[in-house]
Amino acid sequence: MILLSFDWMLAVEKLILIAVIILASLGIALYTTFAERKVAAILQDRRGPNRAGPFGLLQPLADGLKLFFKEDLIPNNSNKFLFILGPALAMTAALMTCAVVPFGDKAEVFGRTVTLQIADVNIGILYVFAVVSLGVYGIMIGGWASNNKFSLIAALRGASQAISYELAMGLSLIAVLMITGTLQLGEIVKQQMSGQWNIVYQPLGFLIFFICALAECNRTPFDLPEAENELNFGYHQEYSSMKMGFYLFAEYVNMIISSAVMATLFFGGYDLPFLDESTLPVNIAAIIGVATLLTKIVIFLFVFMWIRWTIPRFRYDQLMNLGWKKMIPLALANMLLTGAVILWLGK
Amino acid sequence: MQALTNRAKPVERRPMTWLESIYLWNIIKGMAITFSHIFKKKPTINYPEQKRPFSPVFRGLHVLNRDEEGRERCTACGLCAVACPAEAITMEAAERLPGEENLYREEKYAAKYEINMLRCIFCGLCEEACPKDAIYLSETFAPSNYTRKGFIYGKDDLLIPDPKQAPADFAKAKGLAEA
Amino acid sequence: MGITQILFWVLSAVALISAIMVLLSKNPVHSVLWLIMVFFAISGHYILLNAQFLAIVNLIVYAGAIMVLFLFVIMLMNLNTTTEPQKNLWLKLTGAVAGGCFMMMFVSLVRQAGDMQAKTAQVTDGNIGLIKNLGKALFSDYVVPFEISSVLFLSAMVGAVVIGKKA
């Protein structure tokens with residue numbers, strides 16, 4: 001019985017890559033929580049956490065330990081299974097997206113050429129889009145299973161917000177796809193390496209995508225599902241200990257992944273401008289590529305935080321107005337314009 | 001109605017134009033403001049390592065003073081307790097026994113002297129009322145505590161160190177008290 | 001038995017069990033979640049047939065959007081086991097008989113259909129489900145049905161707006 005007649009080394013290689021990428025995203029997410037507090041402090045003329053370790057660098061570990069040792073409460077009247085499923089789903093959906101992001105071109109390890117992307121599937125962008133649309137289940141199930149009015153309202157808000165902004169996000173993506181002509185993220189990056197970054201052709205599309213990404217990550221000014229002042233704490237109000245940590249963490253992982261996707265789609269992915277990577281040795285080019293992508297992600301994360309500590313939260317009607325009456329028409333216009341220009345230039 | 005000053009601005013109630021309604025320009029303006037704050041000086045200090053100087057008229061925790069020979073000045077006359085508007089001070093007087101002249105300056109002394117720091121409003125009236133210059137308000141404030149009991153300061157908390165036995169501590173306390 | 005076959009059986013089992021659980025769950029929220037499992041299993045089947053586009057669109061549209069709306073409505077209505085209306089035995093029996101008849105008809109139709117005879121599924125080597133081929137097929141061979149369905153969606157949207165304006 002030939003059960004599994006495929007390249008075992010490939011499986012091992014991919015498993016290692018998956019482990020590395022998941023651990024890296026978790027590590028970056030850990031430090032993003034620290035960076036969030038530091039950036040908030042700097043923007044507000046404060047100092048921020050600086051007690052744990054040098055410059056407060058051990059603060060995220062302290063925060064994590066604190067969450068870990070808290071008592072894990074499950075409300076009595078909650079739906080126990082769904083209550084546990086909620087944060088797990090949120091975390092899984094957040095981590096699943098990184099499967100198609102190309103973190104670099106390729107590297108040579110022990111004589112094998114390793115592609116620095118878990119899966120360059122045919123429908124890369126749509127995969128991202130599908131996983132993002134599944135991410136809302138974490139919020140909805142968690143909020144509903146808590147058996148708490150505030151959590152339920154937050155869950156409903158989260159769901160309606162995610163659905164509303166997915167539309168504009170998809171429409172802005174279509175304009176990008178018209179230019180690239182492919183859905184493979186690896187191919188999109190390669191095109192941008194040889195030509196211009198997509199932001200040059202799609203500034204409006206990027207803006208719409210960015211705003212929708214903010215809404216999908218539940219970041220300020222779209223953090224209505226966790227509006228502290230009106231909903232106490234939002235959908236994770238009943239959660240404690242590491243389940244709570246999972247929700248908070250999933251938000252940061254989402255931020256990192258959406259930054260990576262934006263960098264890949266609009267800012268050339270792992271492409272360092274004004275440098276021809278093909279002349280360099282493969283491994284050095286790979287290191288430069290990964291570093292470049294990480295830099296771009298960090299810049300995006302900073303912008304996310306910068307926005308959070310500047311803009312107040314939208315009211316619910318403003319959110320819906322912006323989503324349905326402003327973003328979607330803009331995205332449609334952008335799509336039509338892009339199509340018209342492509343037709344006109346006879347590409 | 002006539003305006004009191006000419007600085008009042010009427011609230012604009014016109015509906016937003018389309019460009020305003022996507023909030024973009026205002027958001028960019030706001031973000032420029034927050035960005036400029038990156039380069040501003042931080043008014044915060046690293047507190048326990050760095051401390052801001054107190055004002056010379058600051059009224060903090062109480063200190064029961066001793067005279068130059070290390071004898072307690074307080075004679076438990078109760079004037080401070082009477083002067084206290086918050087009724088934070090209680091005391092019990094006792095008579096000095098022979099052989100205790102090196103401990104207490106007068107013939108009567110406070111066997112028990114308690115200030116409830118949760119009641120105290122740090123007005124300094126006790127300091128003004130004291131005829132023997134026995135109570136002073138220093139330039140420290142009450143540290144936090146887990147229980148209410150911990151905020152009732154007894155004589156051992158309030159008394160300044162003995163200048164004979166612990167001159168260094170005494171100088172330190174005195175320096176804080178008179179700085 | 002290759003890995004594709006194992007996957008096929010596993011996915012089929014998951015799909016069938018989840019579909020049965022959709023019906024058996026007392027709690028409507030659980031039903032919705034089982035239905036999402038069904039969609040995942042079916043997407044898995046699509047991937048086995050090398051129809052990646054269909055698989056992912058199935059997830060986006062059904063699991064990602066429609067089921068969220070279902071869940072939304074169920075959460076708002078606060079349905080649970082105690083408020084579930086009790087149907088009488090006769091109604092259940094008629095339902096079972098009618099459903100059984102429908103299934104018989106369906107199975108016999110599928111078995112007799114001329115298109116289906118003597119054909120096997122193109123596992124992993126078919127490429128009609130890839131996005132380029134599917135797009136070409138939709139916009140050349142099937143352009144009229146495609147456009148008609150888009151008109152249908154438009155009319156549904158207009159109808160929704162009209163109802164929304166009335167309320």
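The chains referred to below are lettered A, B, ... by the order of the sequence lines, with proteins before strands, and numbering in each begins at 1. Bear in mind the structure is a predicted one, so any value in this text is a computation, not a measurement.
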query = Could you name the residues of residues 25-41 of chain B that have a heavy atom within less than 4.5 Å of a heavy atom in chain A?
reply = Ile27(B), Gly30(B), Met31(B), Thr34(B), Phe35(B), His37(B), Ile38(B), Lys40(B), Lys41(B)
ask   = Of the listed residues (Asp45(A), Thr310(A), Leu207(A)), which shares the most heavy-atom pairs with chain B below a 4.5 Å separation?
value = Asp45(A)
ask   = Should we say atom CD of Glu87(B) is surrounded by more than 12 heavy atoms from elsewhere, each under 6.0 Å from it?
value = no
ask   = CZ of Phe55(A): more than 12 outside heavy atoms within 6.0 angstrom?
value = no
ask   = Would you find more than 12 non-hydrogen atoms of other residues, nucleotides or ligands less than 6.0 Å from Lys70(A) atom NZ?
value = no
ask   = Does a sphere of radius 6.0 Å around CD in Gln318(A) hold more than 12 heavy atoms from other residues, nucleotides or ligands, not counting ones at 6.0 Å or beyond?
value = yes
request  = Count the heavy atoms belonging to other residues, nucleotides or ligands that lie under 6.0 Å from OH of Tyr316(A), then report whether that count exceeds 12.
outcome  = yes
ask   = Is Arg47(A) salt-bridged to Glu49(B), going by a charged N under 4.0 Å from an acidic O?
value = no
request  = Check whether Ile311(A) gets within reach of chain B through its side chain, its backbone, both or neither, counting any heavy atom under 4.5 Å.
outcome  = side chain
ask   = Heavy-atom distance under 4.5 Å to chain B: side chain of Asn50(A), backbone, both or neither?
value = side chain
remark   = residues 322-334 of chain A vs chain B, non-hydrogen distance cutoff under 4.5 Å, contacting residues -> Leu322(A), Lys326(A), Leu330(A)
inquiry  = Does atom CD (Gln50(B)) have a neighbourhood of more than 12 heavy atoms from anything else shown, all under 6.0 Å?
reply    = yes
